[in-house]
Amino acid sequence: MGKLGYELLKDPFLNKGTAFTAEERKTYRLEGLLPPAVETIELQAERVYAEMKRKSSLIEERRFLMEVFNHNRTLFYRVFQEHLVELMPIVYDPVIAESIEKYSEQFVDTQNACYLSIDRPDDIEDALRSAADGREIRLIVATDAEGILGIGDWGTNGVDIAVGKLMVYTAAAGIDPSCILPVVLDCGTNRESLLQDKFYLGNRHPRIYGEQYNAFVDRFVQAVEKLFPRLYLHFEDFGRADAAAVLKRYRDRFPVFNDDVQGTGIITLAGILGAMRINKEKITDQRYLCFGAGTAGAGIADRVYKEMVAQGLSEEEARQRFYLVDKQGLLFDDMTDLTPEQRPFARKRSEFANAEELATLEAAVFAVKPTIMVGTSTQPGTFTEKIVRGMCSWCEHPIIFPLSNPTELAEAKAADLIAWSEGKAMVATGIPAEPVEYKGVRYEIGQANNALIYPGLGLGSMAVNSSRMTDEMISAAAHSLGAFLTPEEPGAAVIPPVARLTEFSHTVASVVADCAIKQKLNRIDGEVEKLITDITWTAEYKPL
């Protein structure tokens with residue numbers, strides 16, 4: 001018969017709370033364990049939303065929603081989907097940053113996550129099996145939590161980023177919450193405040209790197225391949241030194257995806273393609289400058305570079321259009337501290353008469369004269385009026401994307417960029433931004449939110465049980481969002497609004513699944529739309 005009584009009420013995947021029918025209450029020994037009223041999920045959702053709105057701050061709203069999540073997954077997702085635009089920044093970024101920072105001191109529930117320790121690698125398989133608890137796991141978001149959003153290394157506290165990411169997968173793309181698993185790979189932390197915090201729940205030693213780290217991650221990947229043969233594995237917020245290397249190690253043998261290396265690149269490329277469509281320009285004519293050449297910045301540059309090659313430039317011609325600026329200033333090929341991902345885009349000093357002076361963003365911009373400037377630096381206010389007006393002097397519609405988040409780390413505000421450029425700049429931000437009114441035109445500000453891409457990417461791959469995630473599938477996803485733009489409207493956004501997230505997810509899933517089939521990577525045959533429908537979960541109570 002399965003779970004009965006309180007055991008059933010404590011199972012968040014099966015619990016219906018006051019929506020259990022009279023017959024179910026009798027059958028599953030729930031009589032007397034619930035108030036007499038039998039309610040619909042619609043009424044439950046109305047109560048949850050009303051109570052949430054009575055909270056005094058966004059973080060308190062999130063904490064209340066997490067209580068619902070911990071007890072009743074279906075009800076949580078019903079509320080989330082009904083108020084998707086409002087709740088996205090509360091459930092995920094930017095409010096999740098505060099939740100992560102206070103995770104240990106406010107710990108109440110594991111949220112069905114799996115905590116793996118580098119100090120106990122022999123426990124990995126048993127821990128994963130226990131966390132799955134008999135469920136077929138089809139999607140894992142795993143983080144080592146060294147590069148959380150723009151706030152850095154948060155150790156085991158970073159498990160919340162995996163939980164939040166999976167919430168978006170379900171709300172946006174209908175991934176069944178019973179087949180997902182958040183995982184934190186606890187390799188220690190270099191954040192001294194955590195190591196000294198008596199409430200900190202993670203390993204109390206500095207972060208481990210090198211051979212021991214690689215062996216730990218490899219043990220994890222081998223274990224999930226063995227235990228969950230239909231798994232799609234999403235890596236999230238790994239540190240600069242390891243993110244791209246981990247992805248590269250497994251991507252040719254297993255369907256893996258890194259949202260920082262690939263996801264941010266996809267949505268940024270989609271925004272650039274949107275700007276090209278609005279301005280009737282070609283991406284192959286652009287000069288690209290990245291400010292902040294870490295995991296995300298270098299990943300975006302690589303994705304845009306590959307698109308230029310796909311659209312006709314040679315590899316050498318394409319590379320000549322890229323300039324990366326990091327803490328050292330403009331990156332040159334004689335620097336000894338370049339990462340493997342930065343090195344292909346490093347320039348020769350002989351290209352510039354004043355190479356030694358290009359140690360700041362401003363100096364680099366005026367030397368390079370980019371038409372596209374993307375910020376992933378977490379350096380607030382660095383896209384200045386002088387820089388923006390300079391860009392407007394050498395191109396008609398500069399593309400300026402300050403993508404750093406949370407809010408206080410953004411390189412510029414959308415309203416300033418529109419004003420400084422006198423409405424010429426094509427702007428997308430990494431955080432939600434209100435439309436900007438300027439000289440009678442309402443400028444819609446697209447959000448380069450990875451959620452517009454990665455849920456559909458995962459859904460499409462899972463629908464056909466793809467054996468890999470390829471560059472072609474990723475490129476197809478980026479191009480698919482163009483169908484949702486309104487390029488003829490004044491002030492049109494370069495990225496369509498989050499309000500249409502569920503539509504985007506379905507469209508992305510369709511093109512990704514179709515691409516996988518064309519590449520003969522699918523391990524399930526069938527008509528794409530039916531395969532996607534068959535795997536899509538809805539927030540409705542099911543008969544037990």
Side-chain angles (χ1 to χ4, degrees), residues 138-141 165-166 168-176 179-180 228-236 247 250-274 299-300 302-304 306-307 310-311 448-485 495-496 498 500-537:
R138 300 230 33 215
L139 169 63
I140 284 177
V141 172
K165 211 79 177 186
L166 286 167
V168 178
Y169 265 109
T170 296
I175 305 295
D176 186 342
C179 76
I180 64 180
F228 315 122
R230 296 204 297 161
L231 182 72
Y232 178 79
L233 177 57
H234 174 138
F235 293 120
E236 181 71 23
L247 175 66
Y250 304 112
R251 65 177 300 177
D252 290 333
R253 79 177 210 212
F254 194 61
V256 297
F257 174 74
N258 184 303
D259 195 41
D260 307 290
V261 177
Q262 297 166 294
T264 309
I266 302 169
I267 191 60
T268 305
L269 173 59
I272 293 171
L273 293 172
I300 296 169
D302 185 61
R303 173 54 45 200
V304 179
K306 287 176 178 174
E307 184 65 25
Q311 294 202 23
N449 189 331
N450 295 11
L452 297 177
I453 292 286
Y454 73 79
L457 203 67
L459 177 63
S461 176
M462 293 166 64
V464 298
N465 194 20
S466 179
S467 59
R468 285 186 295 126
M469 175 56 64
T470 65
D471 283 335
E472 291 79 4
M473 294 159 71
I474 288 170
S475 180
H479 280 269
S480 68
L481 292 190
F484 295 92
L485 296 177
I495 299 173
V498 174
R500 301 180 69 182
L501 180 54
T502 54
E503 289 180 74
F504 304 156
S505 297
H506 186 94
T507 297
V508 170
S510 296
V511 299
V512 167
D514 187 62
C515 188
I517 291 171
K518 289 176 179 175
Q519 292 187 282
K520 302 188 186 307
L521 300 174
N522 58 305
R523 291 176 287 189
I524 298 176
D525 293 318
E527 194 270 322
V528 165
E529 290 303 315
K530 184 177 188 306
L531 292 173
I532 291 173
T533 299
D534 288 347
I535 198 177
T536 302
W537 177 86

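Numbering of residues begins at 1 and proceeds along the displayed sequence.
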Point to revise | Non-hydrogen side-chain atoms of Glu236 and Asp260 separated by less than 4.5 Å | key: yes

Practice item. Taking salt bridge (Lys or Arg N to Asp or Glu O under 4.0 Å) as the test, write out the residues that go with Asp259, two or more places apart. Key: Lys165

Review point. Looking only at heavy atoms, which two atoms of Leu269 and Ala478 are closest? And how far apart?
Key: CD2-CB, 3.9 Å

Review point. Atom NE2 of His506 and atom CG of Leu501: how far apart are they, to the nearest 0.5 Å?
Key: 13.5 Å

Study note, to complete from the structure: Correct closest heavy-atom pair for Ser475 and Glu307 would be OG-OE1, 3.4 Å

Exercise for review: Show your working on side-chain contact (heavy atoms from CB on, under 4.5 Å) between Met462 and Leu139 and close with a plain yes or no.
Suggested key: CA-CA 8 Å; Met462 293 166 64; Leu139 169 63; 4.2 Å; yes

Exercise for review: Taking all heavy atoms of Leu452 and all of Pro496, pick out the closest pair and write down the distance.
Suggested key: CD1-O, 3.7 Å

Check your understanding: To the nearest 0.5 Å, how far apart are CD1 in Ile453 and OG in Ser480?
Key -> 5.5 Å

Exercise for review: Verify the ring-centre separation between Phe504 and Phe484: is it less than 6.0 angstrom?
Suggested key: yes

Check your understanding: Can you name the salt bridge (Lys or Arg N to Asp or Glu O under 4.0 Å) partners of Glu529, sequence neighbours left out?
Key -> none

**Study point:** Partners passing side chain to side chain contact (heavy atoms under 4.5 Å, CB included) against Leu247 (at least two apart in sequence or in another chain)
**Key:** Arg251, Val256, Asn258, Val261, Gln262

Study note, to complete from the structure: Residues at least two apart in sequence or cross-chain that pass salt bridge (Lys or Arg N to Asp or Glu O under 4.0 Å) with Asp534, listed by chain then number, are Lys530

Study note, to complete from the structure: Residue set satisfying side chain to side chain contact (heavy atoms under 4.5 Å, CB included) with Ala173, at least two apart, ordered chain then number -> Ile175, Pro455, Leu459, Ser505

Check your understanding: With a 4.5 Å heavy-atom cut-off, do Met473 and Leu521 have their side chains touching?
Key -> yes

Review point. Atom CG of Asp514 and atom CG of Asn522: how far apart are they, to the nearest 0.5 Å?
Key: 10.0 Å

Exercise for review: Under the salt bridge (Lys or Arg N to Asp or Glu O under 4.0 Å) rule, collect the residues that match up with Asp176, sequence neighbours excluded.
Suggested key: none

Exercise for review: Measure the shortest side-chain to side-chain distance between Leu481 and Arg500 over non-hydrogen atoms and say whether it is less than 4.5 angstrom.
Suggested key: no

Revision key, fill the gap. To the nearest 0.5 Å, atom CD1 of Ile517 lies from atom CG of Asp525 at 7.5 Å

Review point. Atom CD1 in Ile267, atom CD1 in Ile272: separation rounded to 0.5 Å?
Key: 11.0 Å

Review point. At their closest point, which heavy atom of Ile532 faces which heavy atom of Ala463, and how far apart are they?
Key: CG1-CB, 3.9 Å

Exercise for review: Report the residues that fulfil side chain to side chain donor-acceptor pair (under 3.5 Å) with Thr170, sequence neighbours left out, ordered by chain and then residue number.
Suggested key: none

Study note, to complete from the structure: Applied to residues 455-469, the side-chain hydrogen bond (donor to acceptor under 3.5 Å, both in side chains) test, sequence neighbours excluded, yields Asn465-Arg523

Point to revise | Check: His479 and Val511 side chains under 4.5 Å, non-hydrogen atoms | key: no

Practice item. Mind checking ring pair (Phe, Tyr, Trp, His ring centres under 6.0 Å) for Tyr250 and listing every partner two or more places apart, or none if nothing turns up? Key: none

**Study point:** Pairwise ring pair (Phe, Tyr, Trp, His ring centres under 6.0 Å) hits with a residue in residues 452-475, at least two apart
**Key:** Tyr169-Tyr454, His234-Tyr454

Review point. So, for Pro255 and Leu231, which heavy atoms are closest and what is the spacing to 0.1 Å?
Key: CG-O, 3.3 Å

Exercise for review: Would you give the length of the straight line joining atom CG of Leu233 to atom CZ of Phe254, rounded to the nearest 0.5 angstrom?
Suggested key: 5.5 Å

Check your understanding: By side chain to side chain contact (heavy atoms under 4.5 Å, CB included), which residues pair with Glu472, not counting sequence neighbours?
Key -> Thr470, Cys515, Gln519

**Study point:** Any Thr268 side-chain heavy atom under 4.5 Å of Arg303 side chain
**Key:** no

Practice item. Determine the minimum heavy-atom distance between Ala477 and Val508, stating which atoms define it. Key: CB-CG1, 3.8 Å

Point to revise | Pairs touching residues 450-461 that satisfy salt bridge (Lys or Arg N to Asp or Glu O under 4.0 Å), sequence neighbours left out | key: none

